Asks: 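Got a structure here, written out as structure tokens. Questions coming.
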Amino acid sequence: METVNSLVIVGAQWGDEGKGKVIDFLSAKADLVARFQGGDNAGHTVVYGANIFKLHHVPSGILNPKTLCLLGNGMVINPLVLVREMDELEKRGIDTSNLRISAKAHLIMTYHQALDEANELMLADKKIGTTGRGIGPAYADKVLRRGIRAGALADPALFSERLTEVLPLQNRILKDIFGHPGFDLAELLALYRPALERLGPLVTDTGRMIAEQMAAGKKVLFEGAQGALLDIDHGTYPFVTSSSTVAAAAASGTGLGPANVNRVLGVLKAYTTRVGEGPFPTEDLSEAGDQLRERGNEFGTTTGRPRRCGWFDAVVARYAARINGLTGLAVTKLDVLSGMEVINLAVGYRCRGKDIDYFPEGIQDLSHCEPQYESFPGWDEDLSRARSYEDLPEAAQNFLKALEDTVGVRIDLISVGPDRSQTIICKGSQIENWSDARQE
Ligand code: GDP
Ligand code: IMO
Ligand code: MG
């Protein structure tokens, strides 16, 4: 079997699919893990034993001391939050000396957060339900060519020069449009000084580092944040995040070409959740949705908000498979379905009187889509100790088989609990060698 040395891991629903868990599991044998988009809107949970880590910028490979962890050029980084995140990890005995930051990544500044909050307030009942981390305004400034890049963290004079240039306009927008008092230049410079001292030495040409590792045949993981349906182009616009969350962004967001990112593992829950506003065809507002929320502990990692819950949507998964070129699936939280009498799986939609099996192009149509379900008998067994496919009860196997068939992509990995150890690698999957190596 061909050895896979580079693998992109992306969310294939609306985020929070369990990417952090899957990446931590695979990173035990990875030489490098790179984030390529998003910022601290991400909340990736890693659990081993009694330890729970919630990562926002830092790649989920950080718990493995030998793994290089990179924040790629496609990211937006809040230096103040990153320093806190690193301090927290160090306090808990996690070495962060393997972390590097792309000089080309963009900085999320205090005024971006203020603008994010002010925008949402102004939108009132039309709000997006952002994480309030300043993601949209930071990416907007990047595209408007008035952002501050992470390279400035290593050059205090440049940082001061750029901030002096951009702050007057930011303050004008804040004051004139939103009635916000704005920010004082000297105060901001003083606020950021410790972050520059701490992060400046970590800034480097991460693109070259990845290229060198790949040329040397090292194992590289690309860590996606958010999910396919939150993608700025392909998601449920405008209820999306402001970055490209699909696998292709792993190349442009780290400085590689498309041929380097041709193995893509899509992470999906065995049901569906969404935080924030926007359409969600299989959302279940009845008791079943509440059961999923309670059993799955579906509360946001970044904001603590209750997640909206519903059944697995194969229409969404097929769409995510197409826009990402998925070559395998990781199905997480299968254990959460134990005890449900009936398990539903949406195989198509009825949209304005027509049966369709594809995801509609615009969200106007989506709000007219009724999911068409196939129902499966549930199971009562606790799955949390299953370590092979054969350990799963027949009813669970039947559900997974139907899921795989209707999505049309192989299941590579099944997760039956939050802990690293609660993971099943499927026989013959593209990552079988990866995990075998882990057990050497
Ligand atoms: P991410 O953003 O995709 O990394 O996902 P989050 O960390 O935001 O949310 C996933 C949640 O589910 C976290 O609390 C994980 O610890 C937990 N989790 C991951 N996989 C499993 C699983 O297979 N079973 C259960 N019960 N919990 C899981
Ligand atoms: P991870 O990486 C789930 C959602 C927000 C909101 C929309 C826009 O943990 O899966 P933003 O702050 O990005 O401008 O918010 O996107 N969102 C997420 N939902 N998981 C995430 O990240 C998310 N990051 C952003 O709730 O609806
Ligand atoms: Mg999350």
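Heads up: numbering here begins at 1 and tracks the sequence. In what follows, every heavy atom counts, from backbone to side chain, and hydrogens, waters and symmetry copies are set aside. First listed ligand is number 1; within each ligand, the first listed atom is number 1. Every value quoted in this text rests on a predicted model; they were computed, and no experiment measured them.
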Asks: Is ligand 2 less than 4.0 angstrom away from at least one heavy atom of Arg274?
Replies: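 In this structure, Arg274 fails to qualify as a contact of ligand 2 - no heavy atom is under 4.0 Å.
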Asks: Show the atoms of ligand 2 that are less than 4.0 angstrom away from any heavy atom in Ala225.
Replies: 2 (O)
Asks: Under a 4.0 angstrom heavy-atom cut-off, which atoms of ligand 1 come close to Gly417?
Replies: 20 (N), 21 (C), 22 (C), 23 (O), 24 (N), 25 (C)
Asks: Give a yes/no on ligand 2: does Lys19 have at least one heavy atom closer than 4.0 angstrom to it?
Replies: yes
Asks: Do me a favour and list the nearest non-hydrogen protein atom to atom 12 (O) of ligand 2 with residue, atom name and distance?
Replies: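 Of every protein heavy atom, Thr131 OG1, 2.6 Å lies nearest to atom 12 (O) of ligand 2.
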Asks: If you measure every N/O of Arg133 against every N/O of ligand 2, is any gap under 3.5 Å?
Replies: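 Min N/O separation from ligand 2 is not below 3.5 Å for Arg133.
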Asks: With only distance considered, is His44 within less than 3.5 Å of ligand 2 through an N or O on each side?
Replies: yes
Asks: Please report which non-hydrogen protein atom sits nearest to atom 20 (N) of ligand 2, along with the residue it belongs to and the distance in Å to one decimal place.
Replies: Asp16 OD1, 3.1 Å
Asks: Would you say Gly227 contacts ligand 2, with heavy atoms under 4.0 Å as the rule?
Replies: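 Checking ligand 2 against Gly227, which is what was asked, there is no heavy-atom contact under 4.0 Å.
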Asks: By number and element, which atoms of ligand 2 are closer than 4.0 Å to a non-hydrogen atom of Ala42?
Replies: 1 (P), 2 (O), 9 (O), 22 (O)
Asks: Just which atoms of ligand 1 are under 4.0 Å from any heavy atom in Val336?
Replies: 26 (N)
Asks: Out of Lys333, Lys21, Arg420, who is nearest to atom 17 (C) of ligand 1 when you count heavy atoms only?
Replies: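 Among Lys333, Lys21, Arg420, the closest heavy atom to atom 17 (C) of ligand 1 comes from Lys333.
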Asks: Identify the two heavy atoms, one from Gln170 and one from Asp141, that lie closest to each other, and give their separation to 0.1 Å.
Replies: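 Residues Gln170 and Asp141, closest heavy atoms: NE2-OD2, 2.6 Å.
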Asks: Out of Val267, Val275, Asn119, Val240, who gets a non-hydrogen atom closest to atom 8 (C) of ligand 2?
Replies: Val240
Asks: Looking only at protein heavy atoms, which one is nearest to atom 23 (C) of ligand 2, and how far off is it?
Replies: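 Residue, atom and distance for the closest contact: Gln226 CG, 3.6 Å.
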Asks: Given Gly136, Ser242, Gly43, which has its nearest heavy atom closest to atom 9 (O) of ligand 2?
Replies: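 Ranked by closest heavy atom to atom 9 (O) of ligand 2, first place is Gly43.
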Asks: Between Phe312 and Phe399, what is the ring plane arrangement, given parallel below 30°, perpendicular above 60°, and tilted in between?
Replies: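 Ring orientation of Phe312 relative to Phe399: perpendicular.
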Asks: Among Gln226, Arg295, Gln13, Lys19, whose heavy atom sits nearest atom 1 (P) of ligand 1?
Replies: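 Going through Gln226, Arg295, Gln13, Lys19 one by one, Lys19 has the nearest heavy atom to atom 1 (P) of ligand 1.
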